[in-house]
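Step one of this worksheet: look at the structure below.
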Amino acid sequence: MSHRSSGDAALFLDQARAEGDIEVGEPDEGASGVDDREQAGGVEARGMSTTEVLRTDSEDPSELQPPDETPPPVNAPVNSVHVPRFLAITVGIAGLLILLAGLQGAQDIVAPIFLGLNLLIVVYPLQRWLSARMPRIAAAAIALLVVLGVLVLFTAMGAWSVAELVNELPHYQDEFARLIDESVGALATLGISTDMVESSLQGVTAGNIMSLVTPILSNVSAIMGLLATLVMGVFFLSMDSATTGRRLTRLAEDRPHIAGAMVDFAQGVRRYWVVTTVFGLIVALLDVLALQIIGVQLIWVWGILAFITNYIPNIGLVLGMIPPAILALLDDGWVAMLAVVAAYSVLNFTVQSVIQPKFTGESVGVTPTMSFLSLMFWYMILGWLGALVALPATLFLKALLVDADPNARWINALISSRKKDYLPQKPDPSGSTPTDDAEPAAGGEHVRQRA
């Protein structure tokens, strides 16, 4: 509306000037008013046309001023939302519980796939050696066949052991009844009422004890489903492993801390599985020899059990020792049982606690307390298979959440078993202080060589 009025006024002034009503260059009342406004506004109007003068007069003075480009002060406060520590901890715990509930619901998928990942990490050096001599896809296929062969071997040993155990236990019916009578008599001599003990043990036989285990072992559909998930997971992971080196190199270019932590995890887990397998075989053979000397039946079944339970940290010794000790008690009495307990304790403690750590080095990377807590935690989340992969799963979370973040590495001082993580750092003679911000790798190629 104002633009149209300015245009009409300009047309009127041009007509009046043409008719001589207004002389050019002579100040009149309107011109003096314009001059006054021009002087007040600091605008020179001489030599301008009437249209330009009216346009200048109609413009907002604030629009003619240049924008304020003054930078803010350096120490100016930043407008950020402050989250209270209590709220952050509460939200973090809630998110963690939701994540754990999801993992627990998907344990039949997560646990076998993670176990397959561990097996492929173990055979990856063989695959990398073959990749230098044949196509990558062929090397990945050979690694897949090796992993499947290991799975078939373990499955066959477990099935044979269970079959032998099922066939042999019913023969100990009379010995088990005799053991119950002797136990009741021993309790009676101590002044304990036998009526309550007999009512509690009534109907308990060797066959009934096996019936508690049989539903778990005979659930063929669940076991086959787990094996199918494991095989499928290993297959697809092995196909992706053909480009693992290149992917780690690319990751090291953008996130060197994460790439270094993943490579350290792979090396530690690989050393853990290899050394645990070798010493598990040694312990199993020594246990078989000791059981042969004592005269316990089913020595090879107990040897396979000792070998498998060796992978379970902390309580694997107890799980592998109880069945042969009970069988020795049924066969030859308390002396044979005590001999089995003593032999297992000495052999397993010497090999697993004294000799094996010298070869595993710092591959475990967590304290014994954290190892036990991780066993309980992953058994609760992933089931019985979680007890088998408890330490690798803990090492994976530690590498992803602690080792990959320089600001979180202080947690290693509380949970790590490595001396460099909890011992005070010696001062550098040059005067420089080591920091966690140093790059873990000198480049992507270095990370790929470490993998």
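- By the 4.5 Å heavy-atom criterion applied to side chains, T229 and D108 are not counted as neighbours.
- Within 6.0 Å of CE in M232 there are 12 or fewer heavy atoms belonging to other residues, nucleotides or ligands.
- Using a distance-only test at 3.5 Å, with no hydrogens or angles considered, a donor-acceptor pair links the side chain of N348 to the main chain of Y344.
- Side-chain atoms of S345 never come within 3.5 Å of backbone atoms of A342 as a donor-acceptor pair (strictly under, hydrogens ignored).
- Side chains of D254 and R250 form a contact here, defined as non-hydrogen atoms less than 4.5 Å apart.
- Checking N167, I304, L165, L305 one by one against L298, the side chain to side chain contact (heavy atoms under 4.5 Å, CB included) holds for a single residue, L165.
- The two atoms that bring A343 and A290 nearest to each other are CB-CB, 4.0 Å, heavy atoms only.
- In this structure, R136 contributes its side chain and S131 its backbone to no donor-acceptor pair below 3.5 Å.
- Taking the side chain as every heavy atom from C-beta outward, T277 and F307 approach each other to under 4.5 Å.
- Residues A393 and W378 share a closest heavy-atom pair of CB-CE2, 3.5 Å.
- For the pair H257/M262, no side-chain contact is recorded, criterion being any heavy-atom separation below 4.5 Å from C-beta on.
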Worked verdict on V122 versus V274 for side chain to side chain contact (heavy atoms under 4.5 Å, CB included): CA-CA 7 Å; V122 173; V274 171; 4.0 Å; yes
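- Between F372 and F377, the gap from one ring centroid to the other reaches at least 6.0 Å.
- Interatomic distance, CD1 of I315 versus CE of M321, reported as 12.0 Å (0.5 Å rounding).
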Evaluate the criterion side chain to side chain contact (heavy atoms under 4.5 Å, CB included) for residue pair L317 and T309; output intermediate values, then yes/no. CA-CA 7 Å; L317 167 63; T309 55; over 6 Å; no
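- Between N310 and T276 the shortest side-chain heavy-atom distance falls below 4.5 Å.
- In this structure, CH2 in W129 is found 9.0 Å from CD1 in I142, a value given to the nearest 0.5 Å.
- Under the 4.5 Å side-chain criterion, counting only non-hydrogen atoms from C-beta, I308 is not in contact with M157.
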Between I326 and M337, is the side chain to side chain contact (heavy atoms under 4.5 Å, CB included) condition met? List the steps. CA-CA 7 Å; I326 294 177; M337 186 195 73; over 6 Å; no
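- Annotation: the span from L96 atom CG to I89 atom CD1 amounts to 13.0 Å, rounded to 0.5 Å.
- The minimum heavy-atom distance linking I113 with G233 is given by the pair CG1-CA, 4.4 Å.
- More than 12 heavy atoms of other shown residues, nucleotides or ligands fall within 6.0 angstrom of atom CZ in F154.
- A donor-acceptor distance shorter than 3.5 angstrom exists from the side chain of W302 to the backbone of Q297, with no hydrogens or angles considered.
- T394 places none of its side-chain heavy atoms less than 4.5 Å from the side chain of L375.
- Within the model, atoms CG of L230 and CG of L237 stand 10.0 Å from one another, a figure rounded to the nearest 0.5 Å.
- The closest donor-acceptor contact from the side chain of Q104 to the backbone of L382 lies at 3.5 Å or more, if one exists at all.
- Across all their heavy atoms, Q127 and A143 have their closest contact at OE1-CB, 3.7 Å.
- Residues F265 and A399 come closest through the heavy atom pair CB-CB, 3.8 Å.
- The two residues L226 and W384 have their closest heavy-atom pair at CD1-CZ2, 3.9 Å.
- Considering only heavy atoms from C-beta on, I381 stays 4.5 Å or farther from Q107 through its side chain.
- Rounding to the nearest 0.5 Å gives a distance of 10.0 Å between CG of L120 and CG of L115.
- In this structure, CD1 on I93 lies 11.5 Å from CG on L100, to the nearest 0.5 angstrom.
- At distances below 3.5 Å, not a single donor-acceptor pair connects side-chain atoms of T350 with backbone N or O atoms of L347.
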Candidate pair S238 and V147, rule side chain to side chain contact (heavy atoms under 4.5 Å, CB included), full reasoning: CA-CA 10 Å; S238 64; V147 172; over 6 Å; no
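- Classified by interplanar angle (parallel below 30°, tilted 30° to 60°, perpendicular above 60°), the ring pair W273/Y311 is tilted.
- No more than 12 heavy-atom neighbours from other residues, nucleotides or ligands sit within 6.0 angstrom of CH2 on W334.
- Within 6.0 Å of atom CD1 in I109, 12 or fewer heavy atoms from other residues, nucleotides or ligands are found, so the atom counts as exposed in its surroundings.
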